[in-house]
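Below is one structure, written out as structure tokens; comments come after it.
Naming: A, B, ... by sequence-line order, numbering from 1 per chain.
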Protein chains: 2
Amino acid sequence: MAFRMTEQSYLVLLALAQQPRHGYGVAQAVKDLTDGAVRLGAGTLYGILDRIVAEGYAEASGEQVVDGRLRRYYRLTDAGGDALAAETTRLQALARRAHQVLRARPAGQLGFTGRTVASAV
Amino acid sequence: MAFRMTEQSYLVLLALAQQPRHGYGVAQAVKDLTDGAVRLGAGTLYGILDRIVAEGYAEASGEQVVDGRLRRYYRLTDAGGDALAAETTRLQALARRAHQVLRARPAGQLGFTGRTVASAV
DNA sequence: CGATATATATCACTCAACGACCTATCGGCG
DNA sequence: CGCCGATAGGTCGTTGAGTGATATATATCG
């Protein structure tokens, strides 16, 4: 039952943390936040929005009609903000550790030049 | 067909970047790398190993029998190292941006205190 | 003897992600 | 005017990664 914090749902929470947004706006914000790397399709987007609302991480924040088109807004809740902060901390720690690993292992290095660990074949 | 770089497969690549490891060793390394937060079950683990080998990100690196138990080793390839570095860069950028967003939005803040954006209901 | 840890592997199930599709409005182009 | 792309909402079927259960086997500890 537990909510699964995937990267996509994380990005949606992050987009909502910037400001309340409507669905389509969330998709655009995610695209911006990831430099175009992550593009949320409609199926993914509304599925995630439903899930984070069900989890209490966001809530409907009213509707507006702009240029004849309906906009359904969502707002991050405190619980959503907490979850987002926790996940961000986790991500930062992971990124930091990953950087350490890569720094200790420069590109092109094939094992330790000194000796090979129990070279089994 | 494209390989999906999920967090779990990323962690496996990272574990292999530290040093060649056997399956069970990878699971333990991932547990360590994430401070116990991510625990790979057998199904997840071997599924990922098969996928990253199929993708050319890692390769079998021989077998050893230690204490009567078979150990099947895997070694990161150059392609795997590149993919890992690229994903790490992406993660760092995301973490940095997420930090900016959260810094601009301290915990407990409910929208801008000055005015509410076109408060629609 | 049984439990736990090590070590590999398979299998069925679930559900998030994805792409395709649908409706509808607005603005621009020819 | 018709068509297209962008905006905005939504559904639906497929796929496949992740998960837990299960199986096999050995070593160690109590």
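Side-chain proximity of B:Ala42 to the nucleotides D:dT26, D:dG18, C:dT10 is greatest for C:dT10. Closest to the side chain of B:Tyr46, out of D:dA17, C:dT10, D:dG9, is C:dT10.
Rounded to whole Å, the distance from OH on A:Tyr73 to P on D:dG9 is 8 Å. For the pair A:Ile48 CD1 and D:dT11 C1', the computed distance is 16 Å after rounding to whole Å. Atom pair A:Arg4:CZ and C:dA17:C1' shows a separation of 11 Å (rounding to whole Å applied). Going from atom CD of B:Glu63 over to atom C1' of C:dA7 covers 12 Å, rounded to whole Å. Atom C1' of nucleotide D:dA17 and atom CD1 of B:Ile52 are separated by 14 Å, given to the nearest angstrom. B:Arg69 places its CZ atom 15 Å from the P atom of C:dA9, with the value rounded to the nearest Å. Remark: P of C:dG19 and CD of A:Gln8 are 10 Å apart, rounded to the nearest angstrom. Atom-to-atom, OH of B:Tyr10 to C1' of D:dA17 comes out at 19 Å; the value is rounded to the nearest Å.
Look at A:Gln28 and you'll find a side-chain N or O under 4.0 angstrom from OP1 or OP2 of D:dT7. Checking the phosphate oxygens (OP1, OP2) of D:dA17, a side-chain nitrogen or oxygen of B:Arg51 falls inside 4.0 Å.
A:Leu33 CG to A:Lys31 NZ: the interatomic distance, rounded to the nearest 0.5 Å, is 12.0 Å. To the nearest 0.5 angstrom, A:Thr34 atom OG1 is 10.0 Å from A:Leu14 atom CG.
Taking 4.5 Å as the limit, every side-chain heavy atom of B:Leu84 sits out of range of all side-chain heavy atoms of A:Val101.
In terms of position along DNA chain C, the nucleotide closest to B:His22 lies nearer the 5' end than the nucleotide closest to the other residue of the pair A:Leu40 and B:His22. Between B:Asp50 and B:Val66, the residue whose closest nucleotide on DNA chain C is further toward the 5' end is B:Val66. DNA chain D is contacted by both B:Arg39 and A:Gly25; A:Gly25 maps to the nucleotide lying nearer its 5′ end (nearest heavy atom per residue).
If you check every strand for non-hydrogen atoms under 4.0 Å, A:Gly68 touches sugar and phosphate atoms only. Looking at heavy-atom distances under 4.0 Å, A:Glu7 makes no contact with the nucleic acid at all. Residue contacts shown for A:Gly47 are absent, as no nucleic acid heavy atom lies under 4.0 Å away. Using a 4.0 Å heavy-atom distance criterion, A:Thr6 is classed as a sugar-phosphate-only contact.
Residues A:Leu45 and A:Phe3 are members of one and the same hydrophobic cluster, defined by side-chain heavy-atom contacts under 4.5 angstrom among Ile, Leu, Val, Met, Phe, Trp and Tyr.
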Residue pair B:Arg72, B:Leu49: steps toward the side chain to side chain contact (heavy atoms under 4.5 Å, CB included) verdict = CA-CA 11 Å; B:Arg72 208 177 295 281; B:Leu49 283 175; over 6 Å; no
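Side-chain atoms of B:Arg72 and base atoms of C:dT8 include no donor and acceptor less than 3.5 Å apart.
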